[in-house]
Each structure stands twice: as structure tokens, then as C-alpha cells.
K.L.:
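Sharing a structure with you now.
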Amino acid sequence: MTLLRRVRDGYLRTYGEMPEGVAFVPGRVNLIGEHVDYNDGLVLPMPISAGTAVAWGRGDAPGVEAVALDLDEERDSFGPGDATPHQPVDWRSYLRGTAAAMAGQGLHASGARLAIAGSIPRGSGLSSSASVCVAIARALAEAGGVQASAETLALAAQSAEHNWAGVRCGIMDQMAVAAGEPGCALLLDCADMSHRNLPLPDDWAVMIVQSGVRRGLVDGHYNRRREDCEAAAKALGLSSLRHADAEAIARANLDPVVTRRAAHVVEEISRVAQAASAIEQRDLTRLGDLMRASHASLRDQFEVSEAHVDRLVDLLGHAIGSEGGARMTGGGFGGAVVAVMPSSQTNRVRARIEEDYAPPSGAPLEIMIEQTGRVLAGECE
Ligand code: GLA
């Protein structure tokens with residue numbers, strides 16, 4: 001059954017009538033630009049076909065009612081303005097946090113009824129939580145009859161992560177899913193949220209392979225990396241590492257760990273600018289080199305990779321050869337690997353990975369291939 005059908009049926013089952021609308025928001029895969037969004041850097045994510053659907057309607061009771069169709073149809077409800085934090089952090093934290101942030105922007109979704117379902121594997125680094133939050137924000141805006149910009153939705157979703165889930169994430173995921181166009185990479189400048197959709201050539205393919213190692217950002221590693229970066233910027237007398245350069249970092253005599261973190265950020269931001277040019281020039285070899293360098297830096301300098309992910313990246317790299325490349329994607333510590341290659345090579349590469357890679361603890365091997373160039377060049381912007 002399709003996701004839209006599932007969410008409409010679930011709404012009908014729960015509330016006894018058909019929804020008035022459905023908000024769909026994709027997940028994202030990040031092609032390059034990792035752990036730089038919270039340093040005011042450049043990033044290059046793309047929306048994927050898996051996502052979250054929120055069916056919405058309006059009931060008589062004030063406040064918000066919701067059902068999580070994928071989680072044993074758990075329910076939640078709260079009155080206008082009186083959502084309270086939920087412990088431990090779960091889907092209710094995202095729902096309540098997003099609704100509170102939207103209310104903070106003047107949007108009190110009174111009488112909203114929601115049914116939520118998704119198709120993004122959780123804990124895979126493909127932004128299931130950003131997708132859920134932005135989809136809830138969009139559904140609440142639609143139910144409230146207001147137009148909300150991509151930036152408004154993204155900021156509400158980020159506020160839920162920061163203040164209700166305890167993850168001090170950047171703005172990449174929320175903007176990628178709110179403003180990204182299918183078949184395009186979103187070149188986003190996190191310093192001022194300016195962005196441009198870059199169509200990917202339609203003879204390229206984006207392949208996503210799950211390592212089978214589940215990751216979570218709430219365990220503190222993520223926030224610690226952010227603190228290291230903030231410490232580096234502060235020691236350099238800068239507002240963020242976006243304004244740092246390699247020589248200043250080398251000269252500053254910082255703690256060796258902090259030096260490595262900062263070096264990654266500065267180099268990765270420069271790689272994103274080069275990757276955007278490589279896409280515009282249809283240079284897959286150059287993009288592959290940049291992806292390989294990005295992975296090596298995340299593994300050795302930022303230290304957010306993991307043994308199974310490294311092995312999968314190596315296997316993909318060998319199978320692809322020089323035209324294209326692979327790297328970890330998302331926050332790290334497990335999750336998915338992204339690869340870009342000529343679309344003519346996907347069957348061969350998929351067969352090699354199916355033969356050579358077994359996810360740990362018997363998890364099934366999951367490979368997704370995202371279409372590129374669905375939108376004609378020039379139509380993205
Ligand atoms: C997670 C966060 C993002 C970003 C990435 C790493 O996905 O939510 O804001 O920092 O990790 O690039």
C-alpha cells in the first residue's frame with residue numbers, strides 16, 4: 001500500500017472521517033558538507049523519495065490530537081499552548097515541540113487532527129526526524145489556513161530538535177526537506193539560509209546503502225562535536241568556523257583534538273563549493289574525489305565514522321572506480337552510506353555490494369537508488 005493511502009486510511013480509522021489534506025515531506029541524503037551546518041558552512045543535501053506523510057483535518061476540540069500510525073497507533077493530544085515536554089524523547093517530543101514552535105510564530109493550530117506515517121528507515125542518517133517535524137509543521141499550517149515559508153517550517157522543526165529532543169543540530173536537514181526539489185541537490189549557505197537547487201545530471205545515479213548499524217544523535221557525541229567546534233571558534237576569536245582558515249588553526253596551538261575538528265570543518269566547507277562546481281560542470285570524477293576526501297576527514301579528523309561504514313565506503317569505492325565515489329552521510333556513528341555513479345553502473349555496483357557486504361547482526365541489506373534529473377535543468381530554481 002502506498003504511504004498516502006496508508007495515512008488516509010489510518011486517519012479515517014482513527015477519526016471516523018476522511019482527512020481534509022495530506023502534507024508530504026521527504027527525507028534527505030547529504031551528498032557532501034558534513035558537520036558544517038552548525039558552523040555556518042555550505043552543505044549539499046538532496047531530498048529522497050522516502051518521507052513522512054501527515055494527513056490532517058479539523059475537529060471540535062481545541063488543541064491538537066495526533067496518532068502515530070507506525071508506532072502501534074499511539075495517540076497524543078494537548079490543549080492550545082499547553083504541550084509539555086515528553087520523557088523519554090520520542091515522537092511526541094517532536095509533535096509537541098513543533099506545535100509549540102509554530103504557536104510561538106503566532107500559528108495556534110486549534111482543533112487540528114493529525115495522522116502520521118513514514119517510509120524513512122529510522123536511525124539511518126536520512127533525516128527521519130526532520131522530515132516528521134517539517135511534515136507536522138506543514139500540516140498544522142495547512143490546517144490553520146496559513147502559508148508558511150520553507151524557512152519558517154524549517155526553523156520550527158529545528159526548535160523541536162533543540163528544545164524538545166535535546167539535539168543541537170544545524171539547519172541542513174530541515175531546509176533540505178522543506179526547500180529541496182526532487183532530482184536536485186540543494187546548495188545551502190547555513191550562514192544566512194540562502195539556497196539554490198542544482199539539478200543533478202540525469203545520467204548520474206545516487207545510491208544509498210544502509211550499513212545496518214543504527215545510529216542516534218541523542219547520546220551526546222553529536223553535541224560534543226558541536227562544542228569542540230565552538231571552542232575552536234572562540235579560541236580563534238571568531239563567531240563561527242566559517243570565518244576560519246587552515247593557517248590560523250595550525251598557528252593557534254589549540255588542543256590537538258579541537259585542531260582536528262576545526263581542520264575538518266574548514267576543508268569540508270571548501271569541498272562543498274568545489275562539489276557544487278563539479279555538479280554544474282557534470283564532472284563525476286571530481287565529485288567522486290571530493291566525496292572520498294570528505295569521508296577520510298570524517299573518519300580521521302572528525303572521528304564520527306565507524307568500522308562497518310568504513311568497509312562499506314571502501315567496497316563501494318572499489319566497485320565504482322574513478323567515475324564517482326562514496327562516503328558516509330548524516331551525523332555518523334553508523335547509518336547510511338551515499339554513492340554517486342553513472343546510472344549505467346548501478347546494477348553492477350549493486351550486485352558487487354550484495355555479494356561482498358553483510359550488515360552486522362543479520363540485518364537485511366537495504367539499497368535505495370534515487371532518481372536524478374527528474375526536474376529539467378533550470379526548472380529547479
Ligand atoms: C545531523 C544533524 C545536521 C547535521 C548533520 C551532520 O543530521 O541533524 O544538522 O549537523 O548531522 O552534517
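Each ligand, and each atom within it, is numbered from 1 in the order the structure gives.
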K.L.:
Taking 4.0 angstrom as the limit, do E230 and K234 come out as a salt bridge?
P.N.:
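Answer for the salt bridge query: no.
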
K.L.:
Any salt bridge between R292 and D289, counting N to O under 4.0 Å?
P.N.:
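Yes, R292 and D289 are salt-bridged.
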
K.L.:
I'd like the name of whichever of Y222, F302, Y38 reaches closest to atom 2 (C) of ligand 1 through any heavy atom.
P.N.:
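Result: the heavy atom closest to atom 2 (C) of ligand 1 is in Y222.
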
K.L.:
Could you tell me which atoms of ligand 1, counted from 1 in the order shown, lie closer than 4.0 angstrom to a heavy atom of D37?
P.N.:
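Matching atoms, with element in brackets: 3 (C), 4 (C), 9 (O), 10 (O).
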
K.L.:
Under 3.5 Å between some N or O of ligand 1 and some N or O of E34?
P.N.:
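Right, the criterion is met.
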
K.L.:
What are the atoms of ligand 1, with element, lying closer than 4.0 Å to any heavy atom of M172?
P.N.:
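So the atoms of ligand 1 that pass are 4 (C), 5 (C), 12 (O).
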
K.L.:
Name all residues meeting the side chain to side chain contact (heavy atoms under 4.5 Å, CB included) criterion together with D192; count only those two or more places apart in sequence or in a different chain, and write none if there are none.
P.N.:
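Residues passing side chain to side chain contact (heavy atoms under 4.5 Å, CB included) with D192: D189, S194.
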
K.L.:
Write down the atom of A53, the atom of V22, and the distance for their closest heavy-atom approach.
P.N.:
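Of all heavy-atom pairs spanning A53 and V22, the closest is CB-CG1, 4.1 Å.
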
K.L.:
Please report the shortest heavy-atom distance between A135 and V25, naming the atom on each side.
P.N.:
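Taking every non-hydrogen atom into account, CA-CG2, 3.6 Å.
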
K.L.:
Taking distance alone, with no angle check, do G170 and ligand 1 share an N/O pair under 3.5 Å?
P.N.:
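Yes, G170 has an N/O under 3.5 Å of an N/O on ligand 1.
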
K.L.:
Grab the two heavy atoms, one from L365 and one from Q210, that are nearest each other, plus how far apart they are.
P.N.:
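It is CD1-O, 4.2 Å.
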
K.L.:
Considering the heavy atoms of D173, write down every atom of ligand 1 situated less than 4.0 Å from one of them.
P.N.:
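Going through ligand 1 atom by atom, the ones under 4.0 Å from D173 are 1 (C), 2 (C), 3 (C), 7 (O), 8 (O).
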
K.L.:
With a cutoff of 4.0 Å, is R168 in contact with ligand 1, counting heavy atoms of the residue only?
P.N.:
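Contact absent.
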
K.L.:
Taking distance alone, with no angle check, do N30 and ligand 1 share an N/O pair under 3.5 Å?
P.N.:
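In fact, backbone or side chain, N30 has no N or O that close.
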
K.L.:
Just which atoms of ligand 1 are under 4.0 Å from any heavy atom in C169?
P.N.:
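Going through ligand 1 atom by atom, the ones under 4.0 Å from C169 are 2 (C), 8 (O), 9 (O).
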
K.L.:
Indicate, as side chain, backbone, both or neither, the part of R28 found under 4.0 angstrom from ligand 1 when only non-hydrogen atoms are considered.
P.N.:
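Contact part for R28 vs ligand 1: side chain (C-beta onward).
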
K.L.:
Side-chain polar contacts of residues 324-336 - donor-acceptor pairs under 3.5 angstrom, sequence neighbours left out - could you list them?
P.N.:
{"unit_1": "R327", "atom_1": "NE", "unit_2": "S294", "atom_2": "OG", "d": "3.0"}
{"unit_1": "R327", "atom_1": "NH1", "unit_2": "N30", "atom_2": "O", "d": "2.9"}
{"unit_1": "R327", "atom_1": "NH1", "unit_2": "L31", "atom_2": "O", "d": "3.1"}
{"unit_1": "R327", "atom_1": "NH1", "unit_2": "E34", "atom_2": "OE1", "d": "3.3"}
{"unit_1": "R327", "atom_1": "NH2", "unit_2": "E34", "atom_2": "OE1", "d": "2.7"}
{"unit_1": "T329", "atom_1": "OG1", "unit_2": "N30", "atom_2": "N", "d": "3.0"}
{"unit_1": "T329", "atom_1": "OG1", "unit_2": "N30", "atom_2": "O", "d": "2.8"}

